[in-house]
Amino acid sequence: MTQSRPNEFIAPPECPVFEPTWEEFADPFAYINKIRPIAEKTGICKVRPPKEWQPPFACDVDRLHFTPRIQRLNELEAQTRVKLNFLDQIAKFWELQGCTLKIPHVERKNLDLYQLNKLVNDDGGFDAVCRDRRWSKIALKMGFAPGKAIGSHLRSHYERILYPYNLFQTGGGCMKTETAEDCENRPNLRRRMGSYVAKPEPQLGKHCPLAKSKASLSFLCLSQVDQYMCLVCGSGSEEDRLLLCDGCDDSYHTFCLIPPLHDVPKGDWRCPKCLAQECGKPQVAFGFEQAGRDYSLRTFGDMADSFKSDYFNMPVHMVPTELVEKEFWRLVSTIEEDVTVEYGADIASKEFGSGFPIRGGRFQVSPEDEDYLSSGWNLNNMPVIDSSVLTHVTADICGMKLPWLYVGMCFSSFCWHIEDHWSYSINYLHWGEPKTWYGVPGYAAEKLEGVMKKLAPELFESQPDLLHQLVTIMNPNTLMNHGVPIYRTNQCAGEFVITFPRAYHSGFNQGFNFAEAVNFCTMDWMPMGRMCVDHYRHLDRYCVFSHDEMVCKMASKADTMDVALASAVQRDMTVMLQEEDKLRDKVSKMGVQQSQQVEYDLLPDEERQCSRCRTTCYLSALTCPCNPGQLVCLHHAQDLCSCPPNNLTLNFRFTMAELYPMMEAVTLRAESYTGWVSHVTNILEAKQDKKSSLEVLRSLVEDAEVKQFPQSDLLRQLCAVTVDAEKCAVVAQQLLNGKRQTRFRSGGGKSQSQNLLTVEELRSFVRQLHKLPCSIRQAPLLKDLLTRVDDFQQRSERLLSDEAPRPAELQSLLDVSLSLDVELPQLSLLRERLEQARWLEVVQGASSQPHSLCLDTMRRLIDQGVGLASHALVERAMARLQELLTMSEHWEDLACILSRPCHCVETLEAALQEVASIPAYLPNCLLLKDTVDQAKDWLQEADTLQVGGRIPVLDTLTDLVSRAKTISVWLDPLARLEALVSDVQAWKEIAAKTFLMKNSPYSLLEVLCPRCEAGTGSQKSKSKRAKDVAQFNKRSGTWLDCLSDVENALLESKDSASAMATLAEVRQKEMESLLALRASNESKLLQTGDCGALRVCVCHNAPLGAMLQCELCSDTFHRSCVSGSNQDPQPNHAWLCPHCRRSEKPPLDRVLPLLASLQRIRVRLPEGDALRFLIERTVRWQHRMQQASAEGVLGVSLTSHQRWGSSSPTTAPSRETYSASFYTDHQCIPLQGPCQATCLKKEAVNGKRTKRCMEKEGSERKDKAKKPRKKKPKVNKERSQEAKGTCSPTATHSDLSLSDSDEDFTLCAAQWCREPEGKQVNWVQCDGSCQQWFHQICVGVSAEQAEKEDYICISCTQPDHTRE
């Protein structure tokens, strides 16, 4: 049965990977020495150059042709090769026995014969296993499941195949000794018909006449056959069982052989003696064959890529490295699969060119790539740079001083090995797929060698130096299971892999790639190099170069040698001279007396090798005249020849007297470095009280730079300590100066985060200052700083433990922290608590003033509180604020809903009572409260309107309705008041239709009220108004000023009686004005001498032709100017001019129902008072006319004046001629008739009049607020009672006491009147006895004084002044 598939490969741990900076990458040996303490623990390491380091590929691809090695993978692994060798021996054994070996199958797998044989032999052999019946245990050890009778099968196969071989190996075959004569006379017999194959036979002797062929056998007679006897039993019987050896023609019975043969072999058969001779031949040493063809780089790459893609059935770049690795170790561990690959290894770069550019090479380097020519990482330069030991080896050694090239394909491998002379090696992968490496640390080299010898002893028996042949590998998992530490890595293109001294390494290629490798030696290698030479001496292995020769050449250049290298050479040379002196003394004691000096450095290495150990001799050797071509080293002085010692000659390169001065020169060079090292060591190990200053450390660093001391660990430690001390000094000074620092970290200076030191770092920093091997002057001051920091922390902890610290205390502590340039962990907490304390203070202040705590303030405070750190006080305050905000928002939203006019006052008052308990400023609720207050005031005013049966005034009613519309509350009286206002508006519309003419420019109040402006002003003013008839809008605005005074007086009157009195005064003024106007117009016509200068009519032209004269104002008009309008003269009607005819003349019976309907509405309005006064005037006039008619006064009046109806042009009009140019067709109605006496002007003013201000005529009426409000004139009680009697339209009164006109718009009473114009026309009335009007500017009174103070003119202040 065959072996089971090996367990899946488990990858070893990764080796360290280093990524140097540009500064570190500049010196390769310094960097390697830096990483050596880490990397040599794993044996190998990987170095990734900076990304910008990309050397050009300089190899001559066209010239590169090579013959690769052939590698059969299952022959590489040591244990697999042992199995294959065993199977080859078994197959050869049975082949010589005439049988073809067929490996049996057990459980459908090939039986592992090597394992079966080994297990049986380990258990005592075939007989012991059979006797103890241990075949089932053997089956279990081989991995077969129990209970299937596998043991019996194994026994059968062992007995059939392996048992004869083992018997043969132990010499168990019994053979009879024969004489030479018997051998010559024995014929060649093969008793089995058809089993013999003709082959050349040796020539028969004279005693054997029969030819050795199958044809001659048929003619042998029985007597001749009987002459051949079996060499075992000596009998010639049973001829059909008698066998002849195809090698020596000896005869043997099949049953006499051990073990006996059951059948005659079909092929050639060898007797036990011949079989022992064939199988005893030594095996040929295993090695790689060379391929049968030559490859270029391109053809090899095509082959490699094709192999990998076909094997894994996928593109080469898609095959995972893990899969390739597991498959490789599976293939090398199986004997069932035979995979063969080729590897272009150890190609000399000197012949085809290195992959790196070199000076003088064929590759033309671009200017930007010239730095790669001298780079230390260029593998052509690394072995020979100044700090390299191999620089002093003169020979160009391929692979060591000259790089070797390696062209790999998938599965091509390099086996376990160490470098020559245990040197370093470096490998650079120029391009291609990765290379997988396995490495063993140098200290475990002997462990690996012992494990491999233990697991594959057969290989080392035949090849003791097997590991130096680079032809054997072993699974890393197997080695790791036996305690060998192994590390791995995948080397990608552009990466270096470095192996360290005596570090075993192996690996394989993941695919087609191109790599380059070389050896190098640093000064730390020198002790290892001497140990390697001793190791080679014991293995009888030749050296690549002479170690002693290299040391002596280095010593000859002591004056220019690097001091660190001199120190290393001095130590190595001391060992060398001690050993050489001892050996020469030994040879001298042997009796060697002859000596001579030989310049061995001029001889090639092969002519000065020790014939015993193959070591290259340099310092000394022994020769003998008996064999001039041979020499031995002094270690093997007794192995040269058998001649007496006095015949031997000691050949030496230097005498001891010459060697010691050479060492003294090296020592002198190294002592300067040694003294420096001693001084530095003493400083670094000094105690606290003996510390040196920082300046001393700096001077030592400067000495190392000046004398070019090596970059040793001690120098790096000194530099690091100096840098740390300088940083400590800088940081300490900055801390003391109160500046921000770069965070300090002990043991380095890479951390550059700009942060403050923490307290622990400061404490550690102070401790570090104490531990520094030098002293700095800032250390005591930093201790004081640390003390202040500790005090701050104690105060902070005490303040932070307080539940409600005051903001002032927190701020004070934070101010203290400003002087401590240290990162204090309490600062954030203190700032948080300060923010919390300030916020709580603001919240407390806002809560104490609820009138200013609005929703925005609460939201802002809550938003600020959300950003604060969690604290119990903050949480409670936030909860209270949130609750208050929620309640306030609820009532604010509810207030918006309640502000709609669908809610009554009682509902809103109930809601406001709940709102009153909320300590916050709620604008909507306040607006709602104001609205409720307005509604309550409105309702109170509405109720007051009709208290005691009072009749409300329209303006008051309208104002109430307008105000009610702005109040968002349900008001019950509003609908009734709106109905009253609507009724009044309807009444006014009816009254307007009754009195107003079509397109009348006058308002209803103007028409119904007496003309308060008629006849006022000078002739110039009158002429100006007559001129602006067409522009009645402006003039109407001027009249409204006067009318507004009357309207205001009517509105201010408390009852109808006072309103009637006001209208009576206006009526009195109207009569006086009309009288004056008539007189002025009549006198104008009578006094005109030149009518051409006279300006009349609305056109302001001279009178001409027939003129119409107004019956009311006596002014004249051109007929053409007033004809064609409603102003045309009518028969039997008095003609009125456009200024005097202001309205229709409805009959009284149409007017009286209007007054009655107004009384039913029970609302007072100026138009109603005016209509009542008009009806009363009409009734009184009718009464007077009736009285005058009864007394006969009317006839006298009519005879004295023209009839009213004589103005018709169709009748014979009365004509009055004023001049030749014009005449009048109408005359005016006599205003002074029977009632003239009752209409005369009277003064009925009681008490003192209030002071009033007049604005200029023609000022804007829109700004009513600028007009000073007049006080209502006082009326005595008797007049009020008398006025009440005029309410009835049927009441008759013979006389009315009316007051004078309120204002005089024309003349200023001041003798020095300045006649102002524009905005300066402001009036003031004397509050003395004269009550005359003055311009304010003429008497020096301001508008404010006129409004607030009494004014008395100069005339009234005279002592002899009497009231008129």
Side-chain angles (χ1 to χ4, degrees), residues 8-15 17 19 44-62 64-66 68-71 73 76 291 293 295-332 337 339-345 347 355-356 379 405-414 426-439 473 476 487-497 505-517:
E8 184 174 328
F9 179 76
I10 300 175
E14 294 288 328
C15 74
V17 180
E19 297 181 356
I44 62 173
C45 72
K46 183 165 66 175
V47 177
R48 289 196 184 107
K51 293 182 179 180
E52 294 79 8
W53 197 84
Q54 297 178 354
F57 184 65
C59 184
D60 191 350
V61 178
D62 297 331
L64 180 58
H65 285 260
F66 60 93
R69 298 171 180 173
I70 297 176
Q71 294 181 337
L73 298 185
L76 298 177
R293 58 167 294 186
Y295 285 95
S296 67
L297 198 60
R298 185 182 303 276
T299 55
F300 188 86
D302 294 340
M303 180 272 296
D305 290 340
S306 176
F307 168 81
K308 183 175 181 180
S309 61
D310 293 343
Y311 187 90
F312 291 101
N313 196 24
M314 65 177 72
V316 293
H317 63 278
M318 296 181 63
V319 183
T321 58
E322 297 82 2
L323 176 61
V324 178
E325 184 176 26
K326 292 179 180 180
E327 184 65 14
F328 172 79
W329 290 113
R330 187 190 69 82
L331 290 174
V332 301
E337 297 184 45
V339 177
T340 302
V341 296
E342 299 179 7
Y343 189 21
I347 303 173
F356 290 95
L379 299 193
L405 308 179
Y406 297 88
V407 183
M409 65 177 290
C410 183
F411 298 144
S412 62
S413 64
F414 49 101
I426 183 169
N427 185 292
Y428 181 75
L429 188 61
H430 285 280
W431 46 260
E433 298 189 60
K435 186 188 294 285
T436 301
W437 290 72
Y438 304 96
I473 61 176
Y487 301 88
R488 71 172 301 279
T489 190
N490 284 328
Q491 179 191 15
C492 299
E495 296 178 342
F496 291 97
V497 169
H505 52 279
S506 66
F508 66 94
N509 296 289
Q510 295 274 344
F512 179 49
N513 56 27
F514 189 97
E516 187 170 355

Query raised in the report: From Ser506 OG over to Trp437 CH2, what is the distance, rounded to the nearest 0.5 angstrom?
Result: 9.5 Å
**Report entry** Reported CG-to-CG distance for the pair Leu297 and Asp60, which is rounded to 0.5 angstrom
**Finding:**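 Reported to 0.5 Å precision, the distance equals 10.5 Å.
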Query raised in the report: Among Phe496, Phe356, Phe512, which residue meets the ring-ring contact (aromatic ring centres under 6.0 Å, His included) test with His430?
Result: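 Only one option passes, and that is Phe356.
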Closest heavy-atom contact between [X] and [Y]?
| X | Y | value |
| --- | --- | --- |
| Phe514 | Leu429 | O-CD1, 3.5 Å |
| Gly344 | Pro68 | N-CB, 3.9 Å |
| Val407 | Phe300 | CG1-CD2, 3.5 Å |
| Met314 | Val319 | CG-CG2, 3.4 Å |
| Phe328 | Ser413 | CZ-CB, 3.8 Å |
| Gly507 | Tyr438 | CA-CD1, 4.0 Å |

Return yes if some donor-acceptor pair links the side-chain N/O of [X] with the main-chain N/O of [Y] below 3.5 Å, else return no.
| X | Y | result |
| --- | --- | --- |
| Ser306 | Asp302 | no |
| Lys308 | Met409 | no |
| Gln510 | Asn490 | no |

**Report entry** Result of checking Glu8, Glu325, Glu337 against Arg330 for side chain to side chain contact (heavy atoms under 4.5 Å, CB included)
**Finding:** Glu337
How about [X] and [Y]: do any of their side-chain heavy atoms sit closer than 4.5 Å?
| X | Y | result |
| --- | --- | --- |
| Glu433 | Asn509 | no |
| Pro12 | Tyr487 | no |
| Val324 | Thr436 | no |
| Ser412 | Tyr406 | no |

Requested in this report: Take atom CZ of Arg293 as the centre, draw a 6.0 Å sphere, and report whether it contains more than 12 heavy atoms from other residues, nucleotides or ligands.
Outcome: yes
Query raised in the report: Near Asn313 CG, under 6.0 Å, is it more than 12 heavy atoms from other residues, nucleotides or ligands?
Result: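 No, CG of Asn313 has 12 or fewer neighbouring heavy atoms, counting only those of other groups under 6.0 Å.
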Report summary line: Residues at least two apart in sequence or cross-chain that pass side chain to side chain donor-acceptor pair (under 3.5 Å) with Glu342, listed by chain then number, are Tyr295
**Report entry** Ring geometry between Phe307 and Phe411 (parallel below 30°, tilted from 30 to 60°, perpendicular above 60°)
**Finding:** perpendicular
